[in-house]
Amino acid sequence: MAEWRKSSRSANASACVEVATGIGIRDSKAPVAHVEVGAAAWTAFLSAVKSG
C-alpha cells in the first residue's frame, strides 16, 4: 500500500494535495483517483518550485 503524504503546511485541513513516491498526486477529497507522475517530471517540478 502506498504511503500518501501531504504538506506539513496543510495541518489537518481536508482540502489538500497528497503525494506518494513512485505513484503520483491526488486530491485528499477524492483519494480513490490519482495522477501518475514520473520521477523525472516530479524532480523537475520540485526544482522549479524551489527556484521560483
Side-chain angles (χ1 to χ4, degrees):
M1 183 163 196
E3 179 182 342
W4 290 93
R5 299 175 45 197
K6 63 181 172 180
S7 170
S8 59
R9 294 181 187 243
S10 296
N12 290 323
S14 61
C16 20
V17 172
E18 299 175 321
V19 177
T21 304
I23 305 244
I25 301 170
R26 71 180 184 185
D27 182 341
S28 62
K29 294 178 301 212
V32 175
H34 70 274
V35 176
E36 293 183 23
V37 179
W42 184 247
T43 300
F45 170 76
L46 291 178
S47 293
V49 169
K50 290 178 183 179
S51 68

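These values consider heavy atoms only, across backbone and side chains, with no hydrogens, waters or symmetry-generated copies.
For the pair Val17/Asp27, no side-chain contact is recorded, criterion being any heavy-atom separation below 4.5 Å from C-beta on.
In this structure, Ile23 is not a member of the same hydrophobic cluster as Val37, with clusters built from ILVMFWY side-chain heavy atoms closer than 4.5 Å.
Between the side chain of Arg26 and the backbone N or O of Pro31 there is at least one donor-acceptor pair closer than 3.5 Å. Side chain of Ser28 to backbone of Cys16: a donor-acceptor contact under 3.5 angstrom is found.
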Could you pull out every donor-acceptor pair under 3.5 Å between side chains of residues 39-52 and any protein atom, sequence neighbours left out?
| from | atom 1 | to | atom 2 | distance (Å) |
| --- | --- | --- | --- | --- |
| Thr43 | OG1 | Ala39 | O | 2.9 |
| Ser47 | OG | Thr43 | O | 3.1 |
| Ser51 | OG | Ser47 | O | 3.1 |
| Ser51 | OG | Ala48 | O | 3.2 |

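Within the structure, the ring-ring contact (aromatic ring centres under 6.0 Å, His included) test picks out the following pairs touching residues 21-41 (sequence neighbours left out): Trp4-His34.
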